[in-house]
Amino acid sequence: MEAKTEVLGKLLQKCPKEKLSTFLHGIVHRICQHTGPQYQDYSDVWSLEEWWQAQDVARDIITESVNKGWTRDQMTQTFHQLDTRTSDIVDVIIARYDEIKQQLLLNTCAISHSQLTDFDWKMKLVLSSDKINSIQQPILAVNFDIKSDSTNTSKILEMSTDDVKKLITSLEGANKVINQLTS
């Protein structure tokens, strides 16, 4: 992060103060899947190579700041190499923090194209098998209906009592993570 901050600091020093806020908001716009800043608006500031580098590094720094959940003070301390430009980038991140975080969550959710559409469960009691005369073991059968692109598939999962306990523990852990991300 320190190397990226140093590179961005050098590039942002070339940018006039009146264009800097527009550039940074444009980067956030691009992160949020909208149109970002255009090179022709900044061709007098950076060469084409510097332009791409400034966009990439600014995007990385902004997304990393939001991913790590940094406060204003943490960002200011991390971006101290940007000198007078520190407050500009921190102000943009703070102003659009929720919007950036929401888009990053949507990007993460879009990784998988499969969705759980329905599920059903049944409890069975296995009384015996061809080798053992009396088992009497409860088995939970869960039927998952999954939509992937345009196809629907059904998956059946049978679990013993121990497997159900492990599943419940892992689902509780996943619920904690989701609650942390949404709060």
Side-chain angles (χ1 to χ4, degrees), residues 1-117 144 146-151 153 169-183:
M1 181 64 142
E2 197 171 312
K4 287 181 182 180
T5 305
E6 188 176 324
V7 169
L8 186 61
K10 289 178 183 175
L11 291 169
L12 293 184
Q13 289 301 325
K14 291 181 163 187
C15 188
K17 189 122 175 103
E18 60 274 1
K19 284 189 171 188
L20 182 60
S21 181
T22 306
F23 171 73
L24 293 171
H25 278 287
I27 296 298
V28 172
H29 235 60
R30 181 163 285 148
I31 290 170
C32 295
Q33 307 297 319
H34 303 292
T35 57
Q38 301 296 315
Y39 175 67
Q40 65 253 18
D41 298 332
Y42 299 91
S43 60
D44 58 328
V45 177
W46 295 303
S47 68
L48 188 58
E49 185 178 330
E50 289 172 330
W51 163 250
W52 287 111
Q53 190 176 22
Q55 286 189 102
D56 291 344
V57 175
R59 183 194 65 238
D60 291 348
I61 285 175
I62 292 169
T63 56
E64 190 171 340
S65 300
V66 174
N67 278 335
K68 291 185 176 181
W70 286 344
T71 63
R72 176 181 288 276
D73 294 335
Q74 289 171 313
M75 284 186 251
T76 303
Q77 185 178 16
T78 304
F79 305 146
H80 71 277
Q81 294 173 328
L82 298 178
D83 298 326
T84 59
R85 310 301 180 150
T86 300
S87 63
D88 294 322
I89 193 164
V90 171
D91 290 344
V92 169
I93 294 171
I94 294 298
R96 304 203 41 202
Y97 188 89
D98 292 334
E99 185 181 351
I100 299 166
K101 185 175 182 178
Q102 183 65 30
Q103 186 60 46
L104 294 176
L105 287 171
L106 287 173
N107 292 349
T108 302
C109 292
I111 292 172
S112 174
H113 297 288
S114 299
Q115 296 176 337
L116 178 66
T117 56
F144 295 103
I146 300 168
K147 182 179 180 182
S148 179
D149 296 327
S150 62
T151 61
T153 57
T169 303
S170 66
L171 289 174
E172 286 172 343
N175 187 37
K176 286 180 185 176
V177 170
I178 289 172
N179 287 337
Q180 287 175 347
L181 289 174
T182 57
S183 61

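Among residues two or more places apart in sequence or in another chain, the side chain to side chain donor-acceptor pair (under 3.5 Å) test is passed with Lys17 by Asp88. Residues meeting the salt bridge (Lys or Arg N to Asp or Glu O under 4.0 Å) test with Lys10, sequence neighbours left out: Glu6.
Remark: the backbone N or O of Thr76 is not paired with any side-chain donor or acceptor of Thr86 at under 3.5 angstrom. In this structure, Trp51 contributes its side chain and Tyr42 its backbone to no donor-acceptor pair below 3.5 Å. Judged by distance alone, with hydrogens and angles left aside, the side-chain atoms of Ser148 form no donor-acceptor pair with the main-chain N or O of Thr151 at under 3.5 Å.
Atom-to-atom distance recorded for Ser87:OG and Phe79:CZ is 12.0 Å, nearest 0.5 angstrom. Rounded to the nearest 0.5 angstrom, Gln33 CD and Gln103 CD are separated by 4.5 Å. The NZ atom of Lys101 sits 14.5 Å away from the OG1 atom of Thr63 when rounded to the nearest 0.5 Å. The CD atom of Gln13 lies 10.0 Å from the CG atom of Leu8; values are rounded to the nearest 0.5 Å. To the nearest 0.5 angstrom, Gln180 atom CD is 10.5 Å from Asn175 atom CG. Separating the CD1 atom in Ile62 from the CD1 atom in Ile31 is a distance of 4.5 Å, to the nearest 0.5 Å.
Counting only heavy atoms from C-beta outward, the side chains of Trp70 and Ile93 never approach each other to under 4.5 Å. Residues Thr22 and Pro37 fail the side-chain proximity criterion, which asks for heavy atoms closer than 4.5 Å. Within the 4.5 Å cutoff, side-chain heavy atoms of Leu12 are placed close to those of Phe23. Here the side chains of Ile94 and Met75 are in contact, with some heavy-atom distance below 4.5 Å. For the pair Trp46/Cys15, a side-chain contact is recorded, criterion being any heavy-atom separation below 4.5 Å from C-beta on.
Looking at every heavy atom in both residues, Pro16 comes nearest to Val45 through CD-CG2, 3.7 Å. Smallest separation of non-hydrogen atoms from Phe144 and Leu116: CD2-CD1, 3.7 Å. The shortest heavy-atom contact between Ile89 and Leu24 is CA-CD1, 3.7 Å.
Applying the salt bridge (Lys or Arg N to Asp or Glu O under 4.0 Å) test to residues at least two apart or on different chains, the pairs with a partner in residues 70-82 are Arg72-Asp91. Residue pairs meeting the salt bridge (Lys or Arg N to Asp or Glu O under 4.0 Å) criterion with at least one partner in residues 37-47, sequence neighbours excluded, are Lys19-Asp44. Among residues at least two apart or in separate chains, there is no salt bridge (Lys or Arg N to Asp or Glu O under 4.0 Å) pair with a member in residues 26-40. For residues 48-57, every residue pair satisfying the salt bridge (Lys or Arg N to Asp or Glu O under 4.0 Å) rule, not counting sequence neighbours, is listed here: Lys14-Glu50, Asp56-Arg59.
Within a 6.0 Å radius of CD in Gln77, other residues, nucleotides and ligands contribute 12 heavy atoms or fewer.
Side chains of Gln102 and Asp98: a donor-acceptor N/O pair is absent below 3.5 angstrom, by distance only.
Below 30°, between 30° and 60°, or above 60°: for His34 and His29 the angle between ring planes is between 30° and 60°, a tilted geometry.
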